[in-house]
Trainee: 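Let me give you the structure first, and then I'll get to my questions.
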Amino acid sequence: MSIRFDDRVAIVTGAGGGLGRSHALALAARGARVVVNDLGGDVRGEGGSASAAEAVADEIRAAGGEAIAHGANVTDEAQVADMVAAAVSAFGRVDILVNNAGILRDKSFTKMGMADFETVVAVHLTGSAVCTKAVWDIMRDQAYGRIVMTTSSSGLYGNFGQANYGAAKMAVVGLMNTLCLEGAKYNIRTNCLAPVAATRMTEDLLPPEAASLLDPALVTPAVLYLAGENGPDRTILSAGAGGFARAVITETDGVVFKPDAATPEAIAEHWAAIDDRDSARELKAGGEQTMKFLSKAAALQ
Ligand code: NAD
């Protein structure tokens with residue numbers, strides 16, 4: 001079964017280089033008409049130029065595909081609205097959004113100013129929300145949408161010097177969880193990619209020998225899978241160096257005490273049962289946790 005995107009229209013943010021460029025080229029090669037978005041700034045998000053996005057759109061057209069470039073800053077609602085309008089005007093619809101744009105402002109938390117915290121959160125989290133909001137009603141009205149957020153192992157598991165980035169990257173997982181619940185009846189599926197690749201973002205972080213194995217093109221099949229018509233929903237897919245793995249948030253079944261026995265000492269005493277990983281499962285909505293505790297508490301009455 002080949003995964004194709006004929007007649008689909010995709011917006012890929014931050015697609016002027018690195019992973020986004022790879023995703024845009026591959027979507028176009030499989031039939032999608034692509035909006036190549038990029039602000040064209042440096043890795044800290046400073047400066048800007050339309051040329052990065054234009055060059056990738058040119059590359060797609062040179063290969064026989066269809067693409068337009070747009071330099072919207074993903075955090076700017078008016079610019080993003082203009083980008084979505086340009087997509088609809090050029091191609092008639094928007095089926096796929098890959099929220100890939102990102103920046104780094106690494107510092108240990110001790111040295112990190114709140115401006116660098118907020119700027120990183122703005123691009124990754126607010127930028128993903130702004131772009132998603134701009135296409136959401138289009139996807140609802142056409143009862144079709146595939147959204148890919150870009151999370152990171154830094155968010156899922158932590159990384160020294162990346163408190164801002166890690167917080168923002170985990171936040172898009174939270175955004176996905178609720179969008180899945182709200183989008184389900186409109187056939188809008190949202191997933192997260194957790195990539196690792198050699199790009200300008202990782203050139204100071206990865207040893208050169210690792211970089212040769214970490215071609216961004218080896219991550220892109222995960223995006224094509226997640227954004228496909230028969231792709232999953234609410235899935236965090238890690239990808240890099242040709243490897244693919246699923247990250248899952250689970251919760252143990254837990255232990256419920258009677259009100260007068262719910263003490264910190266009881267938690268300590270029953271820790272093995274509270275932490276029983278064999279009982280852990282994925283919860284599909286926050287309310288499932290409430291119901292779990294309520295039903296166990298009611299049974300103790
Ligand atoms: P990159 O710097 O090559 O790509 C990011 C792109 O986003 C750049 O082209 C940049 O100009 C663009 N961009 C930044 N701010 C923007 C804004 N406000 N509006 C529009 N475009 C903007 O780095 P990359 O490694 O290709 O990163 C792509 C995504 O993957 C990012 O979200 C990054 O956090 C994530 N990621 C990368 C890795 C990795 O190993 N490379 C690991 C985990 C997550």
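Side-chain atoms are counted along with the backbone in the values below, which use heavy atoms only and exclude waters and symmetry mates. We're numbering straight along the sequence, starting at 1. For ligands, and for the atoms within them, numbers begin at 1 and follow the listed sequence.
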Trainee: Could you find the nearest protein heavy atom to atom 6 (C) of ligand 1 and give me its residue, atom name and distance?
Mentor: Gly14 O, 3.4 Å
Trainee: Which atom names give the shortest non-hydrogen contact between Val35 and Met83, and what distance separates them?
Mentor: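 Val35 and Met83 have their closest heavy atoms at CG1-CG, 4.0 Å.
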Trainee: Can you see which heavy atom on Ala24 is nearest to which on Val36, and at what distance?
Mentor: CB-CG2, 4.4 Å
Trainee: Please list the nearest protein heavy atom to atom 34 (O) of ligand 1 with its residue and the distance rounded to 0.1 Å.
Mentor: Tyr165 OH, 2.5 Å
Trainee: Applying a 4.0 Å heavy-atom criterion (strictly less than), which segment of Thr199 is in contact with ligand 1: side chain, backbone, both, or neither?
Mentor: side chain
Trainee: Show the atoms of ligand 1 that are less than 4.0 angstrom away from any heavy atom in Asn37.
Mentor: 20 (C), 21 (N)
Trainee: Please compare Ala198, Pro195, Gly40, Ser152 and report which has the shortest non-hydrogen distance to atom 42 (C) of ligand 1.
Mentor: Pro195
Trainee: Which of the numbered atoms in ligand 1 are under 4.0 angstrom from any heavy atom belonging to Val196?
Mentor: 40 (O)
Trainee: Flag this pair as yes if the NZ/CZ of Arg93 is under 6.0 angstrom from the six-membered ring centre of Phe91 and inside a 45 degree cone about the axis; otherwise no.
Mentor: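 Cation-pi check for Arg93 and Phe91: fails.
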Trainee: Considering only non-hydrogen protein atoms, determine which one is nearest to atom 11 (O) of ligand 1 and report residue, atom name and distance to 0.1 Å.
Mentor: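 Checking every protein heavy atom, the shortest distance to atom 11 (O) of ligand 1 gives Asp38 OD1, 2.5 Å.
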Trainee: I need the contact type for Thr150 against ligand 1. Using non-hydrogen atoms and a strict under-4.0 Å cut-off, is it side chain, backbone, both or neither?
Mentor: side chain
Trainee: Can you name the atoms of ligand 1, numbered from 1 with element, that are less than 4.0 Å from a heavy atom of Gly18?
Mentor: 3 (O), 26 (O)
Trainee: Has ligand 1 got any nitrogen or oxygen that is less than 3.5 angstrom from a nitrogen or oxygen of Val74?
Mentor: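 Yes - when backbone and side-chain N and O of Val74 are compared with those of ligand 1, one distance drops under 3.5 Å.
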Trainee: Only heavy atoms of Gly41, strictly under 4.0 Å: list the atoms of ligand 1 that pass.
Mentor: 11 (O)
Trainee: What protein heavy atom sits nearest atom 22 (C) of ligand 1, and how far off is it?
Mentor: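 Protein heavy atom with the smallest distance to atom 22 (C) of ligand 1: Ala101 CB, 3.5 Å.
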Trainee: Is the closest side-chain donor-acceptor distance between His70 and Asp82 under 3.5 Å?
Mentor: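 Indeed, the side chains of His70 and Asp82 share at least one donor-acceptor pair under 3.5 Å.
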Trainee: Would you say Asn191's side chain and Val148's backbone share a donor-acceptor pair under 3.5 angstrom?
Mentor: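 The answer is no, because no donor-acceptor pair under 3.5 Å joins these two groups.
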Trainee: If you take all heavy atoms of Asp38 and Ala15, which pair is closest and at what distance?
Mentor: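 Closest pair (atom of Asp38, atom of Ala15, distance): OD2-N, 3.3 Å.
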Trainee: Is it true that Arg21 lies under 4.0 Å from ligand 1, counting heavy atoms only?
Mentor: no
Trainee: Report the part of Leu104 (side chain from C-beta onward, or backbone N, CA, C, O) that has a heavy atom under 4.0 Å from ligand 1; answer both or neither where that applies.
Mentor: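 It is neither; nothing of Leu104 touches ligand 1.
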Trainee: Is Leu19 touching ligand 1 with its side chain, its backbone, both, or neither, if touching means heavy atoms under 4.0 Å apart?
Mentor: both
Trainee: Check Leu39 against ligand 1 and report side chain, backbone, both or neither, counting heavy atoms closer than 4.0 Å.
Mentor: both
Trainee: Are Thr13 and Leu97 packed together at the side-chain level, in the sense that at least one heavy-atom pair is separated by less than 4.5 angstrom?
Mentor: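 Thr13 vs Leu97: side chains touch.
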Trainee: Decide yes or no on side-chain contact (heavy atoms from CB on, under 4.5 Å) for Arg146 and Phe5, but give the supporting numbers first.
Mentor: CA-CA 11 Å; Arg146 298 289 180 264; Phe5 297 93; over 6 Å; no
Trainee: Considering residues at least two apart in sequence or located in another chain, which fulfil the salt bridge (Lys or Arg N to Asp or Glu O under 4.0 Å) criterion with Asp276?
Mentor: none
Trainee: Is there a donor-acceptor pair under 3.5 Å between the side chain of Arg105 and the backbone N or O of Asn164?
Mentor: no
Trainee: What's the shortest distance from atom 5 (C) of ligand 1 to any protein heavy atom, and which residue and atom give it?
Mentor: Gly102 O, 3.6 Å
Trainee: Ignoring hydrogens and geometry, is there a side-chain-to-backbone donor-acceptor pair from Thr252 to Ile274 under 3.5 Å?
Mentor: yes
Trainee: Which ligand 1 atoms, with their elements, are less than 4.0 angstrom from a heavy-atom of Ile103?
Mentor: 14 (C), 15 (N)
Trainee: Stepwise, does the side-chain contact (heavy atoms from CB on, under 4.5 Å) test hold for Val173 with Leu156?
Mentor: CA-CA 9 Å; Val173 176; Leu156 297 170; 4.3 Å; yes
Trainee: Heavy-atom distance to atom 31 (C) of ligand 1: which of Val123, Asn100, Asn73, Thr126 wins?
Mentor: Asn100
Trainee: Please check this pair: side chain of Asn37 against backbone of Ala72, looking for a donor-acceptor N/O pair closer than 3.5 Å.
Mentor: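 Yes.
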Trainee: Tell me which protein heavy atom sits closest to atom 2 (O) of ligand 1, plus the residue, atom name and distance to 0.1 Å.
Mentor: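 For this ligand atom, the closest protein heavy atom is Arg200 NE, 2.8 Å.
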Trainee: With heavy atoms of Thr202 as the reference, note each atom of ligand 1 found under 4.0 Å away.
Mentor: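 In order of numbering, the contacting atoms are 39 (C), 40 (O), 41 (N).
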Trainee: Under a heavy-atom criterion of less than 4.0 Å, does Asn99 contact ligand 1?
Mentor: no
Trainee: Scan Arg281, Lys292, Arg277 and name whichever one has a salt bridge (charged side-chain N to carboxylate O under 4.0 Å, His left out) with Glu251.
Mentor: Lys292
Trainee: Can you tell me which portion of Ala72 lies within the under-4.0 Å heavy-atom range of ligand 1? Options are side chain, backbone, both, or neither.
Mentor: backbone
Trainee: Can an N or O of Ala197 be found at a distance shorter than 3.5 Å from an N or O of ligand 1?
Mentor: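 Checking ligand 1 against Ala197, an N or O pair does fall under 3.5 Å apart.
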